[in-house]
Peer 1: 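This is the structure I have questions about; it appears just below.
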Amino acid sequence: MSNLKKIIWYGGYSYLLMPITLGTNIFLRRWLDPYEVGMINILILLSTYSLYSNIGLLSRAEIQLPFLNGSLRNNDYDELDFYAYKASLFGGWVYSAIVVAIYYFFYKEIHPKIEIPLIIYCAYIAYYQLASYYITKHRTNGNFIFLAKYQFIVSASSNLSILIGSYVWGGLGYVIFATGLMALQVKYLKQTTPKIKILKFDFKKFFHQIKLSRQVLLFGFSALLIRNFDGIIVGAILGPKDLGLYSLAIIGVTIIYSITNSVGNVLFPSLQNSLAKDCGNSGCSAYQKYITAPLIAMALILPLGIGVLYYMIPLLIEWIAPTFIPGIRAFQILIWGAYYFSLMNILMSYFNSSGKQLEVLKIHLVSILFSVTSVGLLRGGGINIVDIAFATAFCYAAAYCFMFFKYASACIKRQQFYKIGFVTLLPPCAALLNIKAVDYLFTEYRHASDGYGLLMLVLFGLVSMAEICLFLILSPDIKNNLKFIRSI
């Protein structure tokens, strides 16, 4: 099956899940107060960073297994697969034990309500590690049709169960149902994943694998840090209640990011296979096919989704969860940064495949420090969630520009450099101007009780942005670049 069909299948199911996931998040905020939502987001952050409790072995396996498979290095494949599994199996429980110990030593008196949910959620973290391993195996084997169906069914049922649990028992119900469902997922994934080749555990080989994974570990940690540093700052400085309000902005980033994430997940194994079979050349033709073409396509598609969310989420919050209205402004700022963050996800494939992860680490750290410091100085040290949203959006834009320059310098011809750079920077600016024009033209209808004015805003914005994207697609320079999409 071609990669384009895989993207349609895998991405199609992911996109069908978006309204379900969005609806679940909105209704959760009807039944939970901002403090409870903030505490749940802290737990989610803990599970996110647990992905690297395997010391980078699973991330390296996701990068290297397709390459080893394409180059027919079966012994190296089996060894990396085996130790990645062992690290995932034990790393989750060790990480969970450390989290519980830190809580009892430092935070029990500050946040006593989270004690029982945290202990239960630690089991979720351990199961989450194993599920991540099995899903990685399916990705590296190219089983995206299976993954699409699996993730759709599991996510839909999980959203429904979490809603029921939250409605009945609040935040504790959310944690109980999420943990139980994760345990069932692990059991099912274990049965459907090809069995690993069992090897004799050798500590010398294990530590050698860890040594080889150090750069990937740092790279992955920096990628998670730039994605979550805003939530960490809000939770640490402003507290769980403000983090609950800020979670609206996080929802927007997650939805936009998922659009490019499904594309990147499908294309990366094919990129690695292509590079393995063409190891004597520079690989620029593979990068052009699997990175440059998707980058242009996503640059034209994403602003449409951003325009819809810009109006839709505030409308839903006003109708269903009005206690979260103070978080709308931060969402409307950060949603534009999500565009650049999502394009960064496609460029990540280049840095992963070329072994230049440390360059991304430097770019991420510099972008974060510069953004946070600038906003802090401008505000005189007193910040709120809107300031943090602005700093985060600026950080994403700066990091994307640096990463694109690095990629373009190595893989894009000079005459195409400015054209492609212009194409990826223009759409969000044009879409933002469109939305501002819509806001100005229909200001008197914005607060209509029947919502008719807001519906008109959405339709007008969609049509206007579609016209801009159509113009970009039909222009000669863009059309020449988009021809690569047909060969994916």
Peer 1: So, for Ile55 and Leu217, which heavy atoms are closest and what is the spacing to 0.1 Å?
Peer 2: C-CD1, 3.9 Å
Peer 1: Within the structure provided, determine whether Ile313 and Ile335 are in side-chain contact (heavy-atom separation under 4.5 Å).
Peer 2: no
Peer 1: Is any side-chain heavy atom of Ile40 closer than 4.5 Å to a side-chain heavy atom of Leu32?
Peer 2: yes
Peer 1: Got a donor-acceptor contact below 3.5 angstrom from the Arg60 side chain to the Ser213 backbone?
Peer 2: no
Peer 1: Side chains of Gln129 and Leu89: closer than 4.5 Å at any heavy-atom pair?
Peer 2: no
Peer 1: Which atoms form the tightest heavy-atom contact between Ile226 and Ala399, and what is the distance?
Peer 2: CD1-CB, 3.8 Å
Peer 1: Return the OG1 to CG distance between Thr179 and Leu43, rounded to the nearest 0.5 Å.
Peer 2: 9.0 Å
Peer 1: Are any of the side-chain heavy atoms of Tyr85 and Leu57 separated by less than 4.5 Å?
Peer 2: no
Peer 1: Taking the six-membered ring where the residue is Trp, are the ring centres of Phe341 and Tyr396 under 6.0 Å apart?
Peer 2: yes
Peer 1: Show your reasoning for whether side-chain contact (heavy atoms from CB on, under 4.5 Å) applies to Met312 and Leu22.
Peer 2: CA-CA 10 Å; Met312 182 182 294; Leu22 178 59; 4.0 Å; yes
Peer 1: Do His364 and Leu225 come within less than 4.5 Å of each other through their side chains, counting heavy atoms only?
Peer 2: no
Peer 1: Could you tell me which non-hydrogen atom of Tyr133 sits nearest to which non-hydrogen atom of Ser88, and how far apart they are?
Peer 2: CB-OG, 3.9 Å
Peer 1: Applying side-chain contact (heavy atoms from CB on, under 4.5 Å), run through Ile120 and Leu172 and close with a yes or a no.
Peer 2: CA-CA 9 Å; Ile120 297 172; Leu172 179 60; 4.0 Å; yes
Peer 1: Classify the angle between the aromatic ring planes of Trp31 and Phe27 as parallel (below 30°), tilted (30 to 60°) or perpendicular (above 60°).
Peer 2: tilted
Peer 1: Using only atom types and a distance under 3.5 Å, with no angle test, would you say the side chain of Asn384 pairs donor to acceptor with the backbone of Asp387?
Peer 2: yes
Peer 1: How many angstroms lie between atom CG of Leu181 and atom OH of Tyr127, to the nearest 0.5 angstrom?
Peer 2: 12.5 Å
Peer 1: Using a cut-off of 6.0 Å, state whether more than 12 heavy atoms not belonging to Phe146 lie near its atom CZ.
Peer 2: yes
Peer 1: Between Tyr95 (side chain) and Leu46 (backbone), is there a donor-acceptor pair under 3.5 Å?
Peer 2: yes
Peer 1: Which one of Lys197, Lys86, Lys137 satisfies the side chain to side chain donor-acceptor pair (under 3.5 Å) criterion with Asp81?
Peer 2: Lys137
Peer 1: Measure from the side-chain N and O atoms of Ser161 to the backbone N and O of Ser158, and report whether any donor-acceptor pair falls under 3.5 Å.
Peer 2: no
Peer 1: Are Lys241 and Asp33 close enough for a salt bridge, meaning some N to O gap below 4.0 Å?
Peer 2: no
Peer 1: Look at the side chain of Ser47 and the backbone N and O of Ile44, then say whether any donor-acceptor pair between them is shorter than 3.5 Å.
Peer 2: yes
Peer 1: Should Val253 and Leu334 be marked as a side-chain contact (heavy atoms from CB on, under 4.5 Å) after you check the CA-CA gap, both sets of side-chain angles, and the distance that decides it?
Peer 2: CA-CA 7 Å; Val253 173; Leu334 188 57; 3.6 Å; yes
Peer 1: To the closest 0.5 Å, what do you measure between CD1 (Ile237) and CD1 (Ile388)?
Peer 2: 6.0 Å
Peer 1: Please state whether the rings of Tyr83 and Phe201 are parallel, tilted or perpendicular, taking 30° and 60° as the class boundaries.
Peer 2: perpendicular
Peer 1: Looking at Asn41, Ile250, Thr392, Asp242, which one forms a side-chain contact (heavy atoms from CB on, under 4.5 Å) with Val234?
Peer 2: Asp242
Peer 1: I want to check something: taking the side chain as every heavy atom from C-beta on, are Leu343 and Met298 in contact at a cut-off of under 4.5 Å?
Peer 2: yes
Peer 1: Identify the heavy atoms of Gly92 and Ile125 that sit nearest to each other, and give their distance.
Peer 2: O-CG2, 4.2 Å
Peer 1: Please report the interatomic distance CG(Leu243) to CG(Asp230), rounded to the nearest 0.5 Å.
Peer 2: 9.0 Å
Peer 1: From Trp336 CH2 over to Leu302 CG, what is the distance, rounded to the nearest 0.5 angstrom?
Peer 2: 11.0 Å
Peer 1: Evaluate the criterion side-chain contact (heavy atoms from CB on, under 4.5 Å) for residue pair Ile20 and Ser155; output intermediate values, then yes/no.
Peer 2: CA-CA 9 Å; Ile20 299 174; Ser155 297; over 6 Å; no
Peer 1: Using modelled atom types only, decide if a donor and an acceptor are shared between the side chain of Thr192 and the backbone of Leu189 within a distance under 3.5 Å.
Peer 2: yes
Peer 1: Give a yes or no answer on whether the side chain of Tyr134 reaches the backbone of Tyr188 with a donor-acceptor pair at less than 3.5 Å.
Peer 2: no
Peer 1: Could you state the interatomic distance from CG (Asn25) to CZ (Phe324), rounded to the nearest 0.5 Å?
Peer 2: 10.5 Å
Peer 1: Side chains of Leu248 and Ile317: does their closest heavy-atom pair fall under 4.5 Å?
Peer 2: yes
Peer 1: Do the side-chain N and O atoms of Tyr174 and Glu36 include a donor-acceptor pair separated by under 3.5 angstrom?
Peer 2: no
Peer 1: I need the minimum non-hydrogen distance between Pro240 and Ile42, along with the two atoms involved.
Peer 2: CG-CD1, 4.5 Å
Peer 1: For residues Ser367 and Phe402, report the shortest heavy-atom separation together with the two atoms involved.
Peer 2: OG-CD1, 4.2 Å
Peer 1: Can you confirm whether or not the ring centre of Tyr121 sits under 6.0 Å from the ring centre of Tyr124?
Peer 2: yes
Peer 1: Heavy atoms, side chains only, cut-off 4.5 Å: are Tyr150 and Gln185 in contact?
Peer 2: yes
Peer 1: Kindly say whether Leu163 contributes a backbone atom to a donor-acceptor pair with the side chain of Ser166 at under 3.5 angstrom?
Peer 2: no
Peer 1: Between the side chains of Ser247 and Arg29, does any donor sit under 3.5 Å from an acceptor?
Peer 2: yes
